[in-house]
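Below is one structure, written out as structure tokens; comments come after it.
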Amino acid sequence: MVYYRYKKERLNDKFNSVHEFLLKIRKAVKLYSELPNDIIARGMTGYFSDFTEYIIDICETYLVINDRFNPRLSGIELIKAATSYGLMDDYLCNFMIKCITLRNRFTHDYYKREEAELDLIKFCNSDILYLDIFLECSNEVIKLNYKIG
């Protein structure tokens, strides 16, 4: 039970980390556009990986809070389950699934790492650069909202 109480108490901290990593990704994108190099690219992919881990953790926490947690779910399944119980809408769910898929390709497809890294950088430059997410958290509602633009 201590694990579950810990998960509930840390939701705002996790969201703050997600937001912080979004800001770091934006800074890395800006630096990369000014001076493209592998060091900045790896920083961007590292921030992106951390961003996705925190998103998965927020979904897991949401499911714990709502007594819907299943420890056998993958990251993508956690996002889908949290969405089905109201954490986010379908658009944000699909966006996050795309993020997890890109991260997984970069992390696990060693034989295609360069291609996966280029796809991830392109995604950061085009899609994630314009994403803002907000956590609505009250006694009645916990919801991830977003704005594109």
Side-chain angles (χ1 to χ4, degrees), residues 2-71 73-108 116-149:
V2 171
Y3 172 74
Y4 294 123
R5 188 174 67 243
Y6 167 79
K7 296 296 273 181
K8 287 182 181 182
E9 293 168 355
R10 302 269 308 172
L11 186 63
N12 274 330
D13 291 338
K14 292 171 190 177
F15 176 76
N16 290 337
S17 293
V18 163
H19 197 262
E20 181 181 319
F21 284 116
L22 268 177
L23 295 176
K24 288 181 178 184
I25 291 168
R26 286 185 190 133
K27 286 179 185 176
V29 166
K30 183 179 180 211
L31 289 171
Y32 188 79
S33 67
E34 294 169 1
L35 181 66
N37 65 63
D38 62 333
I39 295 169
I40 296 171
R42 286 298 161 105
M44 189 186 320
T45 58
Y47 293 139
F48 186 85
S49 181
D50 291 343
F51 167 79
T52 60
E53 286 300 320
Y54 276 103
I55 289 295
I56 292 169
D57 203 24
I58 286 172
C59 292
E60 181 180 287
T61 300
Y62 181 79
L63 293 170
V64 166
I65 290 169
N66 290 290
D67 295 321
R68 305 288 187 185
F69 179 65
N70 178 345
L73 297 178
S74 70
I76 290 174
E77 292 167 333
L78 285 166
I79 290 170
K80 288 179 180 179
T83 299
S84 72
Y85 291 108
L87 178 62
M88 64 186 92
D89 69 13
D90 288 337
Y91 177 85
L92 190 57
C93 174
N94 290 330
F95 189 94
M96 294 304 166
I97 288 171
K98 187 172 184 178
C99 290
I100 302 304
T101 303
L102 282 169
R103 190 272 323 254
N104 288 349
R105 279 186 50 228
F106 176 74
T107 302
H108 302 295
E117 184 176 34
L118 291 174
D119 288 345
L120 200 152
I121 290 168
K122 182 179 174 184
F123 182 76
C124 285
N125 276 289
S126 61
D127 294 8
I128 204 127
L129 184 62
Y130 302 105
L131 175 71
D132 275 322
I133 58 174
F134 311 94
L135 181 65
E136 180 184 343
C137 194
S138 68
N139 289 336
E140 298 84 31
V141 175
I142 299 173
K143 185 153 179 92
L144 277 178
N145 293 312
Y146 64 93
K147 182 176 127 183
I148 306 287

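K143 and D89 get closest at one heavy-atom pair: NZ-N, 4.2 Å. Annotation for Y54 and K14: closest pair CD2-O, 3.9 Å, computed over non-hydrogen atoms. Listed here is the closest heavy atom pair of I25 and C124: CG2-SG, 3.9 Å.
Listed for the N94 side chain is a donor-acceptor partner under 3.5 Å among the backbone atoms of D90.
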Q | side-chain contact (heavy atoms from CB on, under 4.5 Å) evaluation trace for E20 with D50 | A | CA-CA 10 Å; E20 181 181 319; D50 291 343; over 6 Å; no

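Residue F15 qualifies as enclosed at atom CZ: its count of foreign heavy atoms under 6.0 Å is above 12. Other residues, nucleotides and ligands contribute at most 12 non-hydrogen atoms within 6.0 Å of the OH atom of Y130. At most 12 heavy atoms of other shown residues, nucleotides or ligands fall within 6.0 angstrom of atom NZ in K80.
Side-chain contact between K122 and L102 is absent, with no heavy-atom pair separated by less than 4.5 Å. By the 4.5 Å heavy-atom criterion applied to side chains, F51 and V18 are counted as neighbours. Put simply, the side chain of M88 does not reach to within 4.5 Å of the side chain of I133, judged on heavy atoms.
The only member of L31, L129, I128 that meets side chain to side chain contact (heavy atoms under 4.5 Å, CB included) when paired with R26 is L129. Partner of L78 under the side chain to side chain contact (heavy atoms under 4.5 Å, CB included) criterion, out of T83, L63, L87: L63 alone.
Residues passing the salt bridge (charged side-chain N to carboxylate O under 4.0 Å, His left out) test with E77, sequence neighbours excluded: none. Evaluation of the side-chain contact (heavy atoms from CB on, under 4.5 Å) rule for S33 yields no partner, not counting sequence neighbours. Residues satisfying the side-chain contact (heavy atoms from CB on, under 4.5 Å) criterion with N70, sequence neighbours excluded, are R72, L73. Remark: S49 pairs with R103 by the side-chain contact (heavy atoms from CB on, under 4.5 Å) rule, at least two apart or across chains.
To the nearest 0.5 angstrom, L22 atom CG is 7.0 Å from D132 atom CG. To the nearest 0.5 Å, atoms CD1 (I142) and CD1 (I65) are separated by 4.0 Å. The structure places CG of N125 at 10.0 Å from CG of L120, a figure rounded to the nearest 0.5 Å. The distance from the CD1 atom of I79 to the CD1 atom of I58 is 10.5 Å, given to the nearest 0.5 Å. Distance check: I56 CD1 to S74 OG gives 8.0 Å after rounding to the nearest 0.5 Å. Remark: M96 CE to I76 CD1 distance equals 13.0 Å, nearest 0.5 Å.
Applying the ring pair (Phe, Tyr, Trp, His ring centres under 6.0 Å) rule to pairs touching residues 75-108 yields Y91-Y146, F95-F123, sequence neighbours excluded.
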Return all side-chain donor-acceptor pairs below 3.5 angstrom for residues 39-47, not counting sequence neighbours, or 'none' if the list is empty.
unit_1	atom_1	unit_2	atom_2	d
R42	NE	E117	OE2	2.9
T45	OG1	A41	O	3.3
T45	OG1	R42	O	2.9

